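We count ligands from 1, going down the list as the structure has it; atoms in each ligand are counted the same way. Fair warning: this is a prediction, and the values are worked out from it, not measured in the lab.
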Amino acid sequence: MDAISAFSTYEREALEAIESADSVDTLEAVRIEFLGKKKGRLRDLQKLLGQVDPAERPVVGQRFNEVKNRVGERLDERKNQLDRPEESSLTGLDITLPGTPVRLGRRHPLTQTIDEFKDIMGRFGFTVADGPEIEDDFHNFVALNIPEDHPARDPLENFYLAAASIANDRQALLRSQTSTVQIRVMEQTKPPIRIVSVGRVYRPDTIDATHSCMFHQMEGLMVGDSVTMAELKTVLHLFATTYLGEDVQIRFRPSFFPFTEPSVEVDMNWHGNWIELGGAGMVDPNVLTAVGYDPEQVSGFAFGLGIERFCMRRHHITDIRRFIENDVQFLSQF
Ligand code: PHE
């Protein structure tokens, strides 16, 4: 089919010429050469079309129109580009469109809560300490006075890691509590100590509206030569009233943790409801001994609070899973 191949040659040469035209004037010359009414090459093609077998005319005619339109369109596009050169250097960007305001990101509601917690505790003289999320059983259990047969060490209650040990034959696991940081800080520092540590903890709980296999805790530790339970209560009361307002009440209920003695569960009364904040107590003498302190010389208190719970209260969030769904519409409210 001679006509068809002539069309293709014409198309290829026309598009090349359009592409290499670098000014409105040279482009106009290209237009006259390929599409000009009087002597343009398109007229020759039209003549070829008249000569083809009538049976083939529909197919060949369609191809002719295709080529003609394509060359015409590309010519118009190129003309627009050459008319506005600044645009062609910014491929794909139409600078004539109206501007849209940029939507800035924001901090996650939990990050906001954590920052506020650190800020409040900082004003009470507590500095921020950090510890690893991949822990060993010494820091997560042994040094915290949690014996081998304690249910908290059950494989069903923990994310033990398959790589059996970190060092010294210690079993590795994702920490189940931030109390590990108490040990790490006391191992490295002499009293007096006043720290908080905020971070993720992991437990293989069944996930529902109030449970997640990963959540955040704030650990507090104060050690000195005469730290008492009255100070524990005062610090927690000051913390809660600073975060939620003056009308918060604090209550201690007797409880048990292997690493505190006596131990309590801490509740606060807010807007008429008792809400559990977390666990607390006086650091157990066995823990002080494990880190090389003399329990006759120093005493201390520790507490561990769940962060999600506070954040959910403050913002009326009813499902803990919302925090990790990455739903921008939800997150952009805070
Ligand atoms: N680590 C305890 C828990 O996760 C909370 C706690 C911290 C209790 C410090 C006492 C002292 O449940």
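At a heavy-atom cutoff of 4.0 Å, ligand 1 is contacted by the side chain of Phe259 but not by its backbone. No part of Met218 comes within 4.0 Å of ligand 1, judged by heavy-atom distances. Contacts between Ser263 and ligand 1, counted as non-hydrogen atom pairs separated by less than 4.0 Å, are absent for every part of the residue.
The shortest contact between atom 8 (C) of ligand 1 and any protein heavy atom is with Gly279 C, 3.5 Å. For atom 9 (C) of ligand 1, the closest non-hydrogen atom of the protein is Glu219 OE2, 3.3 Å.
The atoms of ligand 1 that sit less than 4.0 Å from any heavy atom of Ser179 are 1 (N), 7 (C). Close contacts between ligand 1 and Gly304 involve ligand atoms 6 (C), 7 (C), 9 (C) [criterion: under 4.0 Å to a heavy atom]. Within ligand 1, counting atoms from 1 as listed, the ones closer than 4.0 Å to a heavy atom of Gln182 are 9 (C).
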side-chain hydrogen bond (donor to acceptor under 3.5 Å, both in side chains) for Asn140 and Ser176? Distances and angles first, verdict last.
CA-CA 7 Å; Asn140 203 90; Ser176 63; 3.0 Å; yes
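Under the 6.0 Å cut-off for aromatic ring centres, Phe117 and Phe310 qualify, their centroids lying closer than that. Ring centroids of His315 and Phe334 are separated by less than 6.0 Å, placing the two rings close together. Note: Phe239 and Phe303 fail the aromatic proximity criterion, with ring centroids not under 6.0 Å apart.
We find that Glu116 and Arg314 are joined by a salt bridge, their nearest charged nitrogen and carboxylate oxygen being less than 4.0 Å apart. Between Asp267 and Arg251 there is a salt bridge, since a side-chain N of the basic residue sits under 4.0 Å from a carboxylate O of the acidic one. Between Glu33 and Arg41 there is a salt bridge, since at least one side-chain N of the basic residue sits less than 4.0 Å from a carboxylate O of the acidic one.
For ligand 1, the polar-atom distance check finds no N/O of Ser176 at less than 3.5 Å from any of the ligand's N/O atoms. For a threshold of 3.5 Å applied to N or O pairs, the pair formed by Gln177 and ligand 1 contains at least one separation below that value. At least one N/O-N/O distance between Gln217 and ligand 1 falls below 3.5 Å.
Look at Ala280 and you'll find a heavy atom under 4.0 Å from some atom of ligand 1. Distances shorter than 4.0 angstrom occur between a heavy atom of Arg203 and an atom of ligand 1.
Applying the salt bridge (charged side-chain N to carboxylate O under 4.0 Å, His left out) rule to Arg31 yields the partners Glu28; only residues at least two apart in sequence or on another chain are considered.
Without hydrogens or angle criteria, Glu231 side chain to Thr228 main chain gives a donor-acceptor distance under 3.5 Å.
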